[in-house]
2 protein chains.
Amino acid sequence: MLKYQQVANQIELYIEQHQLQQGTKLPVLESLMDEFSASKSTIIKALDLLEKKGLIFQVRGSGIFVRRKSRMGYINLLSNQGFKKDLEEFDITSEMLQLDVVKPTQEVADNLQIDYDQGVYYVKRIRYINGQTLCVEESYYDKSVVTYLNKQIVTESIFHYVTEGLGLNIGFSEMYIKTGKLTEEEANYLHLKQGDPKLVMESIFFLSNGKPFDFSKVTYNYEQSQFFLLGSGI
Amino acid sequence: MLKYQQVANQIELYIEQHQLQQGTKLPVLESLMDEFSASKSTIIKALDLLEKKGLIFQVRGSGIFVRRKSRMGYINLLSNQGFKKDLEEFDITSEMLQLDVVKPTQEVADNLQIDYDQGVYYVKRIRYINGQTLCVEESYYDKSVVTYLNKQIVTESIFHYVTEGLGLNIGFSEMYIKTGKLTEEEANYLHLKQGDPKLVMESIFFLSNGKPFDFSKVTYNYEQSQFFLLGSGI
DNA sequence: TTGACTAATTATACCTATACAATTATAATG
DNA sequence: CATTATAATTGTATAGGTATAATTAGTCAA
């Protein structure tokens, strides 16, 4: 692993293990340089990473301070961020409803930037959070990128398989969020009533070379879904 | 303005004015160094900023490429990001319903990290997007930070006043999002029916020294509100 | 004694320069 | 056509100097 990532991880671990509170001042730059035997630039890069994650904030002339969000029980919209513990806070499981290779609709082809005759994997899942129905998810994967899927992979973590199993690098994402009323079918899956509120999140995930490989439409149970988002550098 | 911000702005302007499409390759690092008479580190910092904003993506060994989100008509959740044009895409106006100095409730005091006896500005506004009711907003400002507000400031832009008028630096934010059903009062404001879906966003804004100064609760009209979010570095 | 201004110190932010590593694209080769 | 070498291009790490903001301590005056 890269040095600045190691440094960032160790600082993150230190904050977490010592349960440092919001506003706690961390050692000054020079101390960190000594402690990790790294140059100023490397430490700064590590700190920038932590700042981007929302774990610290830096005040010129003053110091480096711990930042902790004030509420628990919310799901991170950019789940790469934050303490790993936040992810373990929830027990999320999946049930597979369908797994097929299909021809894409126009919507899917557009979002994945492929032709209509190229095959895509279609995956339909229900996800549970702490035993309660969280959401219904329909995902489409470009078959020329994600060449193989099976029930086990889909039930566990597709992203883990894509990165570890296939050795692909996920680069960035687009997310579109809107609210509306549940259809009858959606209401059945979520054990709610037709017309009840829903939150719909459509996401497109791209490889680090810019190729979109996953288009997902997720409908959330409005009673179970709360999200948070940490901004920095406004 | 800082050099790397200037560089970033000029690159952003170039992309926008030439309407460069997704995937267009930008000049290589060395060309940019020459063009802007800056060091490699400065250019990289500018590019990192643009990448964080979701405007470009970099592929090692290949180049720097333009990234453009594929859909229009969505509001940026992290509105600092993206082309300025995206913001001008909407005509957002405000109507002030109430402006008072009040004692904070426990909820407000907690979120602003102040005592119960400290005064806060309470602002209630309705915001319109392209003439349609977008949301009802209740905001609380720490009076020891935002020392003065009036109707004009509230009707225009409070954030512009805080940064330009008061010379304060906004540092970062926390946002919490959930969905639910409209109350009767909310429904009246939004010209919807009681029980219809709503999206509630609670935000806390912090100065760059870490002090929270604004706590806002915004209830959105589900028919008018669509949001997007660009992730990078997953 | 209090308050206001000033100066020194501390600490991070910014900019430059350089060397080498890692990845991708391209050309050469068999 | 596949393999391999080469070039092109960005990424990482280090070092050091300058700039700017925040804090602290000190000085002076009312």
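Just so you know, these numbers come straight off a predicted model, no measurement behind them. Every chain is numbered from 1, with letters handed out A, B, ... down the list of sequences.
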> For a quick check of understanding: with a heavy-atom distance under 4.0 Å over all strands, which category does S62(B) fall into, base, sugar-phosphate or nothing?
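The residue S62(B) makes sugar-phosphate contact but no base contact.
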
> Nearest whole angstrom, please: distance from the P of dA13(C) to the NZ of K3(B).
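Going from K3(B) (NZ) to dA13(C) (P), I get 20 Å.
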
> Look only at the side chain of E137(B) and the backbone of R127(B), and say whether a donor-acceptor pair between them is shorter than 3.5 Å.
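Checking the backbone N and O of R127(B) against the side chain of E137(B), no donor-acceptor pair under 3.5 Å is found.
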
> Taking for each residue the nucleotide of DNA chain D with the nearest heavy atom, is it L26(B) or S208(B) whose nucleotide lies nearer the 5' end?
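By nearest-heavy-atom nucleotide position, the 5'-most residue is L26(B).
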
> Roughly, in whole Å, what's the span from CG in L49(A) to P in dG11(D)?
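Distance, rounded to whole Å: 15 Å.
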
> With no hydrogens and no angle check, is any side-chain donor or acceptor of E174(A) less than 3.5 Å from a backbone partner on F228(B)?
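Looks like no, no N/O pair under 3.5 Å.
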
> Would you kindly give the CG-to-P distance between D34(B) and dA17(C), to the nearest whole Å?
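Spelled out: CG on D34(B) to P on dA17(C) is 12 Å.
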
> Could you check which of dA13(C), dT12(D), dT14(D) has an atom nearest any side-chain atom of R60(A)?
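Comparing dA13(C), dT12(D), dT14(D) against the side chain of R60(A), the answer is dA13(C).
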
> V59(A) side chain: which of dC14(C), dA22(D), dC15(C) is closest?
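Nearest to the side-chain atoms of V59(A), counting from C-beta on, is dA22(D).
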
> How long is the line joining CD of Q58(B) and C1' of dT10(D), in whole Å?
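Distance check: Q58(B) CD to dT10(D) C1' gives 7 Å.
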
> Separation of E51(B) atom CD from dT10(D) atom C1', in whole Å?
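Atom CD in E51(B) sits about 11 Å away from atom C1' in dT10(D).
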
> From C-beta outward on A38(A), which listed nucleotide comes closest to its side chain: dT12(D), dA21(D), dT14(D)?
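Among the listed nucleotides, the one closest to the side chain of A38(A) is dT14(D).
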
> Report the residue (M1(B) or L29(A)) whose heavy-atom-nearest nucleotide on DNA chain C is the more 5′ of the two.
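Comparing both residues, the 5'-ward one is L29(A).
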
> Between dA19(D), dA13(D), dT16(C), which one does the side chain of Y4(A) approach most closely?
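Closest nucleotide among those given: dA13(D).
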
> At 4.0 Å (heavy atoms only), tell me whether L47(B) reaches a base, stays on the sugar-phosphate, or touches nothing.
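Counting heavy atoms under 4.0 Å across all strands, no contact is made by L47(B).
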
> State, yes or no, whether a side-chain contact exists between D214(A) and S139(A) at a heavy-atom distance under 4.5 Å.
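D214(A) vs S139(A): side chains touch.
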
> Contact between K53(B) and E12(B) at the side-chain level, heavy atoms closer than 4.5 Å - yes or no?
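Heavy-atom side-chain distance check passes, below 4.5 Å.
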
> Using only atom types and a distance under 3.5 Å, with no angle test, would you say the side chain of Q17(A) pairs donor to acceptor with the backbone of I15(A)?
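A pair under 3.5 Å: no.
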
> Both S37(A) and N169(B) contact DNA chain D. Which one's nearest nucleotide lies toward the 5' end?
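Looking at the nearest nucleotide for each, S37(A) comes out on the 5' side.
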
> Nearest whole angstrom, please: distance from the C1' of dC14(C) to the CZ of F36(B).
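Going from F36(B) (CZ) to dC14(C) (C1'), I get 18 Å.
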
> In this structure, how many angstroms lie between the P atom of dT12(C) and the CG atom of L2(B), rounded?
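Interatomic distance, CG of L2(B) to P of dT12(C): 18 Å.
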
> Between dT9(D) atom P and I56(B) atom CD1, what is the distance in whole Å?
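Taking atom P of dT9(D) as the reference, CD1 of I56(B) is at 16 Å.
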
> Side chain of S41(A) only, heavy atoms from C-beta on: which candidate in dT10(D), dT12(D), dT14(D) is closest?
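Of the options given, the side chain of S41(A) lies nearest dT14(D).
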
> Would the base of dG17(D) count as contacting K40(A) through its side chain, where contact means a donor and an acceptor less than 3.5 Å apart?
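Flag set: donor-acceptor pair detected.
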
